[in-house]
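What you see below is based on every heavy atom in this structure, not just the backbone, and it leaves out hydrogens, waters and symmetry mates. FYI, the numbering just counts along the sequence from 1.
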Amino acid sequence: MLRHKLRARRRTARPLAAVAAVVAAALLTTVGLVAIPAAASASKVKSWTFVIGSTTGVDTLNPYIGLTNTDYEAYGIIWDNLQDYAQTPDYSGTPRLATSWLVSKDKLTWTYHLRHGVRWSDGVPFTAADVVYTYQRATVPGSTEYNNTANYVTNIDPKSIKEIDPYT
């Protein structure tokens, strides 16, 4: 009798485990991402493909003109930020592309020190010139970029954004 009950449990446990695996995979692709290794390129740089499950598509890969939640979910995977926010009550800054930063006493000047060795997908090094370009593009009143980021950049003078050296 005991042996019969154990076999019955095994027969029901296998299909339940299979269903659980399918549900877990569906949830991962619906709410998050699944990383799939892509073939290594000739330069031996390891790359990944991210599959995002959604009922809507990504409208654009240009973060200045995207509007939907799906767009922004994709941007969070594709593009990196200078800093992020800690999962603490004060949401203090944590390093990302910037390894550190200084804020002036009047809190009007921020100086970022960038991570070395970061490269764009085409192999070109990431430098302070890229950060200057991005902020200047977003701070020109009337531009699409400004209109989409005005809440964050209204008080920034585009001429005040400067590169001190390739990593500052």
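Every side chain to side chain contact (heavy atoms under 4.5 Å, CB included) that Ser92 has, sequence neighbours left out, goes to Ala86, Thr88, Asp90. The ring pair (Phe, Tyr, Trp, His ring centres under 6.0 Å) check on Tyr72 picks up Tyr75, with sequence neighbours excluded. Under the side chain to side chain donor-acceptor pair (under 3.5 Å) criterion, Asp59 pairs with no residue, sequence neighbours left out. Listed by chain and number, the residues in a side chain to side chain contact (heavy atoms under 4.5 Å, CB included) with Leu61 are Val58, Ile78 (sequence neighbours excluded). Residues meeting the side chain to side chain donor-acceptor pair (under 3.5 Å) test with Thr68, sequence neighbours left out: Asp71.
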Side-chain polar contacts of residues 109-116 - donor-acceptor pairs under 3.5 angstrom, sequence neighbours left out - could you list them?
{"residue": "Tyr112", "atom": "OH", "partner": "Gln83", "partner atom": "OE1", "Å": "2.9"}
{"residue": "Arg115", "atom": "NE", "partner": "Arg96", "partner atom": "O", "Å": "3.1"}
{"residue": "Arg115", "atom": "NH2", "partner": "Arg96", "partner atom": "O", "Å": "2.1"}

Got a list of side-chain donor-acceptor pairs under 3.5 Å for residues 154-165, not counting sequence neighbours?
{"residue": "Thr154", "atom": "OG1", "partner": "Ala150", "partner atom": "O", "Å": "2.4"}
{"residue": "Asp157", "atom": "OD1", "partner": "Lys159", "partner atom": "N", "Å": "3.1"}
{"residue": "Ser160", "atom": "OG", "partner": "Asp157", "partner atom": "O", "Å": "2.6"}
{"residue": "Lys162", "atom": "NZ", "partner": "Lys159", "partner atom": "O", "Å": "3.2"}
{"residue": "Asp165", "atom": "OD1", "partner": "Tyr167", "partner atom": "N", "Å": "2.8"}
{"residue": "Asp165", "atom": "OD1", "partner": "Thr168", "partner atom": "N", "Å": "2.9"}
{"residue": "Asp165", "atom": "OD1", "partner": "Thr168", "partner atom": "OG1", "Å": "3.0"}
{"residue": "Asp165", "atom": "OD2", "partner": "Thr168", "partner atom": "OG1", "Å": "3.1"}

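Going from atom CG of Asp84 over to atom OG1 of Thr94 covers 4.5 Å, rounded to the nearest 0.5 Å. Atom OH in Tyr64 sits 10.0 Å away from atom CG in Asn148 (nearest 0.5 Å).
Counting only residues at least two apart or on different chains, no ring-ring contact (aromatic ring centres under 6.0 Å, His included) pair has a member in residues 124-149. Sorted by first and then second residue, the salt bridge (Lys or Arg N to Asp or Glu O under 4.0 Å) pairs involving residues 101-111 (not counting sequence neighbours) form an empty list. Counting only residues at least two apart or on different chains, the salt bridge (Lys or Arg N to Asp or Glu O under 4.0 Å) pairs with a member in residues 123-152 are Arg137-Glu145.
Linking ILVMFWY side-chain heavy atoms closer than 4.5 Å, directly or via other members, places Leu82 and Trp120 in a single hydrophobic cluster. Residues Ile65 and Tyr152 fall into different hydrophobic clusters, defined by Ile, Leu, Val, Met, Phe, Trp and Tyr side chains chained together at heavy-atom separations under 4.5 Å.
Other members of the cluster containing Tyr91 are Tyr85, with ILVMFWY side chains joined at under 4.5 Å, either directly or via other members.
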